[in-house]
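Notes to accompany the following structure.
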Amino acid sequence: MSDRVLVFDTTLRDGEQSPGVRLSLEEKLEIGRQLEKLGVDIIEAGFPISSPGDFASVNMLATELRDVTICGLTRAREKDIEVAAEALAPARRRRIHTGLGVSDNHLMHKLRMTREEALETGVKAVRCARQFTDDVEYFMEDSGRADLDYVYKVVEEVIKAGATTINVPDTTGYTYPNEYYHLIKGIIENVPNSDMAVFSCHCHNDLGMATANTLAGVMAGARQVEVTVNGIGERAGNTALEEVVMALHIRKDKFEVTTRLDTTQLIPTSRMVSRLTGMVVQRNKAVVGANAYAHSSGIHQDGVLKERSTYEIIDPLLVGAEKSEIILTARSGRHGLKHRLAEIGFAFSDERFEEIYTDFLKLADTKKEVDEDDLRILVR
Ligand code: KIV
Ligand code: ZN
């Protein structure tokens, strides 16, 4: 099994499905260029048949970006696939992503098909897509709630029909890590031709487990992760790209896999996507949040100032942040205050410093944060 995990970014497709987000063509190109710089392997640029705007964005990224595979989503319908193929035509490397539901819930309530009819429709769609490209991904929507024997059957047949990547979406964010692990492992072990395809994790965050589920899928042998920047997406969102990439990097002792991403581009990418989509990143968001490398309590500040690794497992420089930050609050101690004063050029005798520290604590009790201007006034 390969030790490379492919990063399939769907910020511009599933991410753009976030309520309230609408990106212009120029904005999509700006994000696409940044994703290429970040080093993702595949960009899902849109759903070409869904609107002229989506067709144009897939077509534009297929024309402009040369170092990444461009992918277009389709339903399992001939017309969708033909339109996607047309949009993708200029791409140096193109992928068609087709498929349909596998859970009884989706078959009965949404597709109104029997299992057999859905299987036949899926196989036909894969054969059709293969006329346009050798790179065909098949999604089994709502795999997380589907009958396992049926999932195995679908995987076997769509691989026979020519699918090269099999997407196993937990569309509703229903599964938990151990369950998603066994879903992927079960497919790999029970489907006779599973060695002919790459398995892909596509998780949603309805119960806050998208990242954990995706990582469990990688542990089980999946070698592609479908993610969005800042975890944006339908409802509670998709798996966050930055979380998975950094978890694989920081815990390579356990996962033993790599991605080809330039992690120093993670924060610039996160900021760009937040600015263009208007989706604010919570301050305490893992990896890219404003507080992710900030320390405010005296005990933590003392530790970090002596040795960063006491309270930080990620070097902020590795993700493109400037440095760790010491934030002065009522919980800060002498070490933190001395450090911040030194940063702006002040050093004092022990006696004088104690006076300033006493005044600092009084001021800090009245404010959320004591900033540089406050420090200058205190000293004066
Ligand atoms: O969540 C999902 O099932 C999807 C598919 C369309 C891939 O986004
Ligand atoms: Zn999805």
Side-chain angles (χ1 to χ4, degrees), residues 6-19 21 40 42-51 54 58 69-77 80-81 83-84 95-107 109-111 113 118 121-122 125-126 129 135-146 150-151 154-155 158 163-175 179-180 183-184 187 197-211 213-214 217 222 224-241 243-244 277 279:
L6 301 171
V7 176
F8 175 112
D9 182 277
T10 183
T11 306
L12 298 177
R13 200 279 298 170
D14 227 353
E16 214 225 5
Q17 287 176 215
S18 303
V21 173
V40 306
I42 302 115
I43 295 177
E44 187 166 52
F47 181 4
I49 203 165
S50 68
S51 72
D54 258 42
V58 173
T69 297
I70 305 297
C71 174
L73 184 77
T74 80
R75 291 167 297 186
R77 296 187 186 173
D80 280 37
I81 295 167
V83 170
R95 173 177 294 188
I96 293 179
H97 188 191
T98 191
L100 79 171
V102 286
S103 68
D104 287 336
N105 181 306
H106 277 220
L107 291 171
H109 301 301
K110 194 181 102 167
L111 300 167
M113 284 182 185
T121 307
V126 172
D135 188 348
V136 174
E137 174 166 339
Y138 190 79
F139 70 80
M140 301 183 291
E141 199 175 9
D142 204 19
S143 296
R145 295 188 296 174
Y150 180 60
V151 166
V154 172
V155 174
V158 297
T164 45
T165 301
I166 305 295
N167 180 6
V168 188
D170 179 22
T171 306
T172 56
Y174 178 73
T175 63
E179 196 176 12
Y180 195 73
L183 175 57
I184 300 285
I187 294 172
V198 171
F199 292 91
S200 184
C201 309
H202 179 116
C203 299
H204 281 265
N205 207 29
D206 299 66
L207 292 172
M209 293 191 278
T211 296
N213 286 344
T214 297
Q224 179 176 285
V225 291
E226 304 201 3
V227 289
T228 62
V229 176
N230 301 332
I232 64 170
E234 290 270 7
R235 307 182 308 279
N238 287 56
T239 305
L241 177 149
E243 293 177 9
V244 170
T277 58
M279 298 278 285

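Counting starts at 1 for both ligands and their atoms, following the listed order.
Considering backbone and side-chain N/O atoms, E141 never comes within less than 3.5 Å of an N/O atom of ligand 1. Taking any N or O of D14, backbone or side chain, at least one lies under 3.5 Å from an N or O belonging to ligand 1. At least one N or O atom of H202, backbone or side chain, sits closer than 3.5 Å to an N or O atom of ligand 1.
Regarding atom 3 (O) of ligand 1, its nearest protein heavy-atom neighbour is T171 OG1, 2.7 Å.
In this structure, D142 contributes its side chain and T171 its backbone to no donor-acceptor pair below 3.5 Å.
Residue contacts with ligand 1 for D142 are absent, since no atom lies close enough (heavy atoms, distance under 4.0 Å). By the criterion of a heavy-atom distance under 4.0 Å, neither the backbone nor the side chain of E226 is placed next to ligand 1. Within the 4.0 Å heavy-atom criterion, the part of R13 lying near ligand 1 is the side chain and not the backbone.
Listed by number with element, the atoms of ligand 1 under 4.0 Å from a non-hydrogen atom of P169 are 2 (C), 3 (O). Under a 4.0 Å criterion applied to the non-hydrogen atoms of H204, ligand 1 contributes the atoms 1 (O). Within the listing of ligand 1, atoms 7 (C) sit less than 4.0 angstrom from a heavy atom of N167.
Just one residue in the list N167, V155, V154 forms a side chain to side chain contact (heavy atoms under 4.5 Å, CB included) with Y138, and that residue is V154.
Using modelled atom types, one finds no donor on one side chain facing an acceptor on the other under 3.5 Å when comparing E137 with T165. Neither side chain, N238 nor T228, offers a donor N or O lying under 3.5 Å from an acceptor on the other.
Between T211 and E243, the closest heavy-atom pair is OG1-OE1, 2.6 Å. In terms of heavy atoms, T214 sits closest to C201 at O-SG, 3.6 Å. Heavy-atom minimum distance, R75 versus T98: O-OG1, 3.1 Å.
Look at E234 and you'll find every heavy atom at least 4.0 Å from all atoms of ligand 1.
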Discussion item. Show, in sequence, the C-alpha distance, side-chain angles and deciding distance for S103 and N105, and conclude whether the side chain to side chain donor-acceptor pair (under 3.5 Å) test is met.
Written reply: CA-CA 5 Å; S103 68; N105 181 306; 5.0 Å; no
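Taking 2.8 Å as the threshold, D14 counts as a candidate ligand of the Zn ion (ligand 2), since one of its N, O or S atoms lies below it.
Taking CD from E226 and SG from C203, the interatomic distance works out to 9.0 Å, rounded to the nearest 0.5 Å.
Rounding to the nearest 10°, we obtain 100° for the angle at the Zn ion (ligand 2) between H202 NE2 and H204 NE2.
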